[in-house]
Structures are given as C-alpha cells and as structure tokens.
2 protein chains.
Amino acid sequence: MSTASPRRTAASPSLDTAAWIDAAFEMLAEGGIDAVRVDPLAKRLGVTRGSFYWHFKDREALHQAMLKEWRKRASYQIGSRIESRTSAPDERLKQTLALPNSTPRSKRAAAIELAIRLWAQRDANAAKAVQHIDRVRLKYYAQLFGEMGLAQPEARKRAFMFYATLLARAYVITDADTDVSADLAALLVDP
Amino acid sequence: MSTASPRRTAASPSLDTAAWIDAAFEMLAEGGIDAVRVDPLAKRLGVTRGSFYWHFKDREALHQAMLKEWRKRASYQIGSRIESRTSAPDERLKQTLALPNSTPRSKRAAAIELAIRLWAQRDANAAKAVQHIDRVRLKYYAQLFGEMGLAQPEARKRAFMFYATLLARAYVITDADTDVSADLAALLVDP
DNA sequence: ACGCCACCATACACAAGTGTATGTTGATAT
DNA sequence: ATATCAACATACACTTGTGTATGGTGGCGT
C-alpha cells in the first residue's frame, strides 16, 4: 500500500516536530491552550505518546515551541509585507482590509490568535509574545499612515483603529445585516 | 465563632448557586471554559463535589447557566444605559470610551468575554449568545450615532469601529508608549 | 421534641491524561 | 551484512477529574 508511513524518508531533519506543532495549533484553535494535550494529539496523529516524548521534553515544552512558532509566523507575515513595497500605502491598507475573513483558513488563524490572547492572561511568555506582535503590527500600520502624510500621533491613532477593526472583524460575530466591514476601507483609509 | 458557615441563614433562596457561578466565572477568566471544572471549583469554594451535584445536574449544566448569566449581565449593562437618558449621545459615547480598562475588575470582565468568544468557536449556544450581545451593543451604538445626526449606513459603520476600538482596548496588549486609546474619543465621536 | 429537608460530606467506580522506562523497527552508513 | 540510531510502541505508576449513591447535620415549622 503506497509508501506506508514515511518513518525515515531521507529528507526529514525534524519535519515531524513541525507536524506535532501543526496539530497542536489545531487543538489550540478548538479548545484553547488547555486542550493542547499529549494523548489526544497523539491519537489525532495516529501515533502514541512515545513519539511525543521523543520530540519534546514535556507538555510545557510543546507550548513554548508553539509560542515561538506563532511569533515567527506573525512576524514573518508583517515582514514580508514590508519587503514587498509594490503598491502605495493606502492601497496596501485597503488590501489588508480586503483580506478574506470567512474562509476556514482565516477563521482558524483568528481562533488561534484568540486562544493565545486568552492564554496571555495567565502566562507571562504568551503575554510577551502577544505584546511583541501587537507592537510590530501597530508600528507597521502607523508607518503606512505616516507615508500617507499623517503626523506621528495621528498616524498612531489611525493605526490603532485600523488594527482594532481588523481584530473585530475576526472576533465579533455579525450577521450579514450588520456586517459593514466591507465599507470600512473608505472611512479609515480615505478620510 | 461568629456565625460560622451560613448554611441555612433564613434568606437564601438559591444564593449558593450564584456563588458557584461566580467562582466559575473566575476560572473561566483564567483558563477558558475547559478550566471550569467541578473539583477545582469545589476546592476554591471550600466544599466538596457533593455540593455541586446538588445545585447542578452536571458540568454541562453549569456551563449553560454561565452562558445564561453572561447574557443577562451584558444585556442589563446595555439596557441600563438605554434607560438612563441623562446626557447627550456624544457625551455618552465619550463616557463609554472613558470607562476604565486597567482595573482588575475590567480586566477580568475582558478575560471572561475573551474566553466566551473562544468558546463560541465550537459551542453553538455560546456562539448564539455572543452574536446576540454583539448585535445588541452594535445596535445601541448605531442608535447613538444616529441621534448625533448620522444616516443609518454611516452610523452603522461608525458603531462598528467604535465597538472594535473598545474591544481592542481590552484585548490588545499595548505598552504605555503605544496606548493612544485615550485620544480616540475625538477621532471617533467628534469628526 | 421531632421529623423534614436543604445542603454538604464520604466513598466508590470509572475514564482520561501525564511522565518514565524500556522494548521494537526500519533506514542508513560503513 | 550488521551495528547504529532516529522514531515510535508498550507497559506501568500516578494524578486528576467525573458522576453516582448514600450517609450525615443543622435549621425550621408544627
């Protein structure tokens, strides 16, 4: 039957560790950090706990690895946008607002971030990560508004509202009737 | 010593059920809905599980009771503001923005709501409750903006941004440097 | 004075999860 | 071909949590 399980397929430096983390993010999105448990994870991956404790010291190690991974992903997302200076700042802001927020992919990402923010209420490391990412994003948006001609304090305020709108679009449950997020670009970007 | 434990102090129609729910909200704020467990709750209240299963059928019953209670509280909060038509709409909006968001009390409330929003990702009842509260709040804010002279669609957008800013103020971790929420009133309410 | 009943404790069976120690396998290098 | 080691399985002891069944106790009405 096919190639069975690729236990040692030449090119696997530590690819399975990533698989654990990916599955862990799945559980995080569904039930919060407390739902990221070793046994259910192993069952989902079709292996036993024996595997887990080879890749990670304990459950806490996985949690910290997840935090590090989330930090990396969120940072990269902003970083790549800073790199690609293709369009004008207002266009880029509009593009950000136009990003899909109803796809399974984006909904999952929102749930993950929501879970991490809740986690940050008790875990200092999680709080640090969230604070860091918030700072990076706000700085990026403020810079774009600055490039549009706004002064520093004004750009900061506008960036905060912009960011707030993005988050609310993901966290607030609206029916199609109340969903006005599509029209917000004009109000925020074009004043 | 004093009155010991008020097991049957005349006026207690079901006051202990409320105590269970209050403690449950504490745990909800700290660890999400999965952390709302019977044993830890009983230990926190200084009783055994025997008490719990007298007040509630099972763990799920407590969760639903919490949802009902949160719905009631959040609805009442808005309802009482609608009642007290003391000041002008713009003043009331500014007052809402001026509400404290760094006190332990408000931080706890934010954590509770964050936990419920995460919970709403998998539980249909929680999703219904969140959707209901979001709708009530947005409607209230839109009405205020409407009273300020804005047309319906414009008032709706402004209400969404206003609500988004409120939420972000609670969920986004900012350092004092980036905290511009205090100056947002002018930008949102006074255009 | 006494029984009723709200309220809680105790005890039990069971399930699920954690961590550790150790066995097993299959690919790779030499 | 065989030793080696990454990657996983198995078995065990332990902890925590759930639900139930049943026993105890102190106010309260009559």
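When reading the values below, keep in mind they use all heavy atoms of this one structure, side chains included, and skip hydrogens, waters and symmetry mates. The chains referred to below are lettered A, B, ... by the order of the sequence lines, with proteins before strands, and numbering in each begins at 1.
Of the candidates D/dC8, D/dG17, C/dT18, the closest approach to any side-chain atom of A/Asp39 belongs to C/dT18. Closest approach to the B/Arg37 side chain among C/dC8, C/dG17, D/dT18 is made by D/dT18 (side chain taken as heavy atoms from C-beta onward). Of the candidates C/dT20, D/dT18, D/dA9, the closest approach to any side-chain atom of A/Ser51 belongs to D/dA9. Between D/dC8, C/dA9, D/dA9, one nucleotide has an atom nearer to the side chain of A/Thr48 than all others, and that is D/dA9. Proximity note for A/Asp16 (side chain, C-beta onward) versus D/dC8, D/dG17, C/dT20: the nearest is D/dC8.
In summary, the side chains of A/Tyr163 and A/Arg137 do present a donor paired with an acceptor at a separation below 3.5 Å, with no hydrogens or angles considered.
Spacing between atom CZ of A/Phe52 and atom P of C/dT20 amounts to 11 Å, rounded to whole angstrom units. If you take OH of B/Tyr53 and P of D/dT22, they are 17 Å apart, rounded to a whole angstrom. Note: CG (B/Leu41) to P (C/dC8) measures 13 Å, nearest angstrom. Distance B/Asp34 CG to C/dG17 P: 11 Å, rounded to the nearest Å. Distance B/Asp58 CG to D/dT20 P: 8 Å, rounded to the nearest Å. One can place CH2 of B/Trp54 at 18 Å from C1' of D/dG19, the figure rounded to the nearest angstrom. As a whole-Å value, the separation of A/Met27 CE from C/dG17 P is 9 Å. Atom NE2 in A/His63 sits about 10 Å away from atom P in C/dG19, given to the nearest Å.
Taken to the nearest 0.5 Å, the CG atom of A/Leu144 stands 7.5 Å off from the OG1 atom of A/Thr96. One distance of note links CG of B/Leu118 with CG of B/Asp34; it measures 8.5 Å at 0.5 Å rounding.
Salt bridge absent: A/Arg158 and A/Asp90 never bring a charged side-chain N and a carboxylate O closer than 4.0 Å. Salt-bridge check for B/Arg73 with B/Asp22: passed, with a basic side-chain N closer than 4.0 Å to an acidic carboxylate O.
B/Arg49 comes within contact range of at least one nucleobase, with a heavy-atom separation under 4.0 Å.
Take the nearest nucleotide of DNA chain C for A/Lys57 and for A/Lys43: the residue whose nucleotide is more 5' is A/Lys43. Mapping B/Gly46 and A/Val38 onto DNA chain C by nearest heavy atom places B/Gly46 at the nucleotide closer to the 5' end.
Regarding contacts with the backbone of C/dC8, a side-chain N or O of B/His55 is found under 4.0 angstrom from either OP1 or OP2.
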